[in-house]
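Let me begin by presenting the structure, written as structure tokens, before commenting on it.
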Number of protein chains: 2
Amino acid sequence: MKGTVGELGEFGLIRELTSRLTSTPAVKIGPGDDAAVVTAPDRRVVATTDLLVEGRHFRRDWSTAYDVGRKAAAQNLADIAAMGAVPTAVLLGLVVPAELPAAWPVELMDGIRDECQVAGAAVVGGDVVRGDTITVAVTALGDLRNRAAVTRSGARPGDVVAVTGWLGWSAAGLAVLSRGFRSPRAFVEAHRRPEPPYHAGPAAAELGATAMTDVSDGLVADLGHIATASGADIDLRSAAIDVPAQMTDIGQAVGVDPLHWVLTGGEDHAIVATFPPDVKLPARWRVIGEVTTRGGRTPQVTVDGAPWEKAGGWDHFGVDA
Amino acid sequence: MKGTVGELGEFGLIRELTSRLTSTPAVKIGPGDDAAVVTAPDRRVVATTDLLVEGRHFRRDWSTAYDVGRKAAAQNLADIAAMGAVPTAVLLGLVVPAELPAAWPVELMDGIRDECQVAGAAVVGGDVVRGDTITVAVTALGDLRNRAAVTRSGARPGDVVAVTGWLGWSAAGLAVLSRGFRSPRAFVEAHRRPEPPYHAGPAAAELGATAMTDVSDGLVADLGHIATASGADIDLRSAAIDVPAQMTDIGQAVGVDPLHWVLTGGEDHAIVATFPPDVKLPARWRVIGEVTTRGGRTPQVTVDGAPWEKAGGWDHFGVDA
């Protein structure tokens with residue numbers, strides 16, 4: 001793929017992007033018309049949208065276009081899974097500078113397509129426009145398969161809190177990258193390309209999850225959303241939360257408590273849910289705490305009974321990461 | 001609404017935006033969770049996405065935030081209608097600079113909400129992130145109500161070509177604005193806030209439309225998409241195409257053939273469709289041409305039998321408008 005986006009032109013680029021896509025039986029009408037048509041077998045569709053902006057959510061010197069595509073798709077597909085739904089389709093809105101090498105959006109599309117395939121979905125449409133800052137807007141759709149959606153508001157006192165997937169790996173990888181290193185590779189890779197446990201969302205719904213979310217802002221912050229929506233307090237047991245030895249090593253090297261990454265690092269898109277206390281969870285779920293009481297005016301998340309004091313979560317308008 | 005987006009913060013802004021929304025019976029779960037849930041009564045969902053970038057698709061000195069919101073929603077809702085579907089829901093992805101007055105995104109949201117109400121839809125979710133350039137990414141969903149989708153590919157020789165809605169008004173308004181004028185107001189308003197005939201899309205499907213699209217790139221260009229997808233040539237009769245007297249006046253004032261605006265101006269989101277020759281069309285549809293022959297290798301759109309020579313359509317990577 002030679003030349004720039006401007007040389008290829010809007011329609012040339014769209015042709016190039018759509019030619020790389022694959023389809024699924026859920027796609028009734030794919031890219032190329034005014035809109036796509038996707039099946040919604042149980043008469044409902046789950047829908048979510050997220051944006052990635054260059055310089056804020058990714059850097060071209062830290063991530064390949066392919067990785068940005070994987071990540072952009074992953075964070076939306078994880079939102080679908082966190083409702084208990086199976087992802088079906090993705091739409092892509094893309095802002096690209098005319099002088100950008102055409103290979104960049106093409107590899108981005110490959111990444112989005114491949115991540116969609118991991119989750120069982122397909123890219124069904126999009127829009128490409130010119131602008132100064134690369135911006136990737138992904139919308140994902142999903143199918144609840146006749147189950148009720150698992151929202152953030154159903155956690156009840158006595159429920160256990162359980163998590164599956166990676167925690168703090170992306171944050172540790174970002175810490176490594178931002179100090180100019182490229183290794184340990186596992187953490188850098190985790191930052192570049194999260195691996196959300198998509199299957200775990202619908203599985204948790206089937207197991208009777210009372211509330212669920214994916215960890216995009218950080219475990220404490222995202223459980224805070226569940227606490228607030230459910231009107232209940234949540235207490236985590238630090239002893240139940242694994243901190244990988246290698247993460248401890250990085251923490252020592254860069255002077256950060258690795259538990260901080262695990263508790264506040266977003267972007268790994270682990271799935272955290274609350275379940276009735278008698279739930280039998282599959283092996284890859286870890287019970288890390290419980291819903292303690294009906295919350296007061298400001299339901300809160302504590303760790304070993306105390307507030308987690310260090311900076312929590314991620315506010316896109318706050319200080320830069 | 002005082003202060004900037006940065007002062008309000010991400011969660012403060014999201015609270016402010018979502019507090020202004022209204023809902024409909026189609027919305028099962030609205031904003032505030034990982035994803036929304038919307039009904040899809042006939043087991044299919046229609047989906048489309050479009051981006052607007054400041055400086056390219058709108059200017060803050062030419063359009064209010066409210067108008068940008070109306071327009072951003074309208075162009076997506078029109079895509080849904082052009083499939084023959086009824087819009088149900090919209091998701092908003094928004095990039096805003098921290099120093100932007102908070103009133104701007106709030107008024108944008110009001111515009112999106114109000115345009116959704118015109119079309120019968122509701123805003124069900126979104127994402128707000130910080131960035132240097134205001135970017136508005138809208139995704140719209142729709143319901144085909146048990147009808148087949150009307151694509152661009154079904155036009156057959158002998159079909160009539162008919163259009164409903166406004167043509168060239170936005171382009172004439174843009175010409176006025178770009179020369180530093182603010183009137184005639186009707187055209188400036190049309191540029192700021194298109195009025196797509198949403199109802200006409202499902203109505204055309206019901207009338208047996210064989211192909212359909214909304215006019216977003218210009219009449220000749222968008223019919224070109226139908227010609228290409230259908231493998232058929234299309235001929236328009238200029239005598240059948242209304243050029244409003246006031247548009248002729250503007251054309252004379254700025255030295256542009258007003259028919260050029262009508263044939264190549266996008267963004268009014270008129271709906272153009274092909275129908276079997278015996279169709280009985282409601283009064284507000286105008287028959288403007290016909291599908292002539294099975295096209296050759298490069299199906300084309302002609303006007304009075306000849307190619308429309310002047311610049312057609314709109315390539316986002318081409319010369320600036």
Side-chain angles (χ1 to χ4, degrees), chain A residues 5-6 8-11 13 28-29 32-41 43-51 53 56-57 79-80 82-83 85 89 91-95 98 124-133 135 137 139-142 144 149 151-152 213-214 229 315-318, chain B residues 5-6 8-11 13 28-29 32-41 43-51 53 56-57 79-80 82-83 85 89 91-95 98 124-133 135 137 139-142 144 149 151-152 213-214 229 315-318:
Chain A
V5 157
L8 199 54
E10 180 190 8
F11 293 114
L13 179 57
K28 294 307 164 195
I29 297 176
D33 220 295
D34 292 303
V37 179
V38 180
T39 58
R43 304 182 191 274
R44 295 169 299 169
V45 62
V46 183
T48 186
T49 198
D50 266 320
L51 293 162
V53 178
R56 179 148 298 271
H57 303 101
D79 279 330
I80 297 295
M83 297 301 284
L91 297 106
L92 168 66
L94 183 59
V95 181
V124 297
D127 187 27
V128 181
V129 301
R130 181 166 141 187
D132 294 333
T133 307
T135 305
T139 299
L141 306 180
L144 284 163
T151 66
R152 298 174 178 173
T213 191
D214 73 308
D315 185 318
H316 292 291
F317 301 118
Chain B
V5 158
L8 199 54
E10 180 191 8
F11 294 115
L13 179 57
K28 293 307 163 195
I29 297 177
D33 220 296
D34 292 304
V37 179
V38 180
T39 58
R43 303 182 192 275
R44 296 168 299 168
V45 62
V46 184
T48 186
T49 198
D50 266 320
L51 293 162
V53 178
R56 180 149 299 271
H57 302 100
D79 279 330
I80 297 294
M83 297 300 284
L91 297 107
L92 168 66
L94 184 59
V95 181
V124 296
D127 187 27
V128 181
V129 301
R130 180 166 141 186
D132 294 333
T133 307
T135 304
T139 300
L141 307 179
L144 284 163
T151 67
R152 297 174 178 174
T213 191
D214 75 308
D315 185 317
H316 292 291
F317 302 119

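Naming convention: chains lettered A, B, ... in sequence-line order (proteins, then strands); numbering from 1 in each chain.
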Review point. Which one, A/Thr39, A/Val95, A/Thr49, A/Asp33, leads in non-hydrogen pairs under 4.5 Å with chain B?
Key: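 Option with the greatest count: A/Asp33.
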Revision key, fill the gap. If you tally heavy-atom pairs under 4.5 Å between each of A/Leu91, A/Ile80, A/Leu144, A/Asp132 and chain B, the highest tally belongs to A/Leu91
Pick one of side chain, backbone, both or neither for [X], based on which atoms fall under 4.5 Å of a heavy atom in chain B.
X        : answer
A/Thr213 : both
A/Val124 : neither
A/Leu94  : backbone
A/Ile29  : side chain

Point to revise | A/Thr135: partners by side-chain hydrogen bond (donor to acceptor under 3.5 Å, both in side chains), with sequence neighbours left out | key: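 So A/Thr135 forms no side-chain hydrogen bond (donor to acceptor under 3.5 Å, both in side chains) with any residue.
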Answer yes or no: is there a donor N or O on one side and an acceptor on the other, between the side chain of [X] and the main chain of [Y], under 3.5 Å?
X        : Y       : answer
A/Asp79  : B/Ala35 : no
A/Asp34  : B/Met83 : no
A/Arg43  : B/Pro41 : yes
A/Asp127 : B/Leu51 : yes

Review point. Does any heavy atom of chain A fall under 4.5 Å from the side chain of B/Ala137, the backbone, both, or neither of them?
Key: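 Side chain of B/Ala137 only, per the 4.5 Å heavy-atom cut-off to chain A.
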Exercise for review: Heavy-atom distances under 4.5 Å only: say whether B/Leu141 touches chain A with side chain, backbone, both or neither.
Suggested key: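 Contact with chain A: side chain only.
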Review point. Where is the tightest heavy-atom contact between A/Val37 and B/Ala149, given as atom of each residue plus distance?
Key: CG2-CB, 4.0 Å
Point to revise | Shortest non-hydrogen contact between A/Arg56 and B/Arg130, atoms and distance | key: CD-O, 2.9 Å
Check your understanding: Can you tell which of B/Thr133, B/Thr151, B/Leu92, B/Asp214 has the highest number of heavy-atom pairs within less than 4.5 Å of chain A?
Key ->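 Top option by heavy-atom pairs under 4.5 Å: B/Thr151.
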Exercise for review: Tell me, please, which residues at least two apart from B/Asp50 pass salt bridge (Lys or Arg N to Asp or Glu O under 4.0 Å).
Suggested key: none
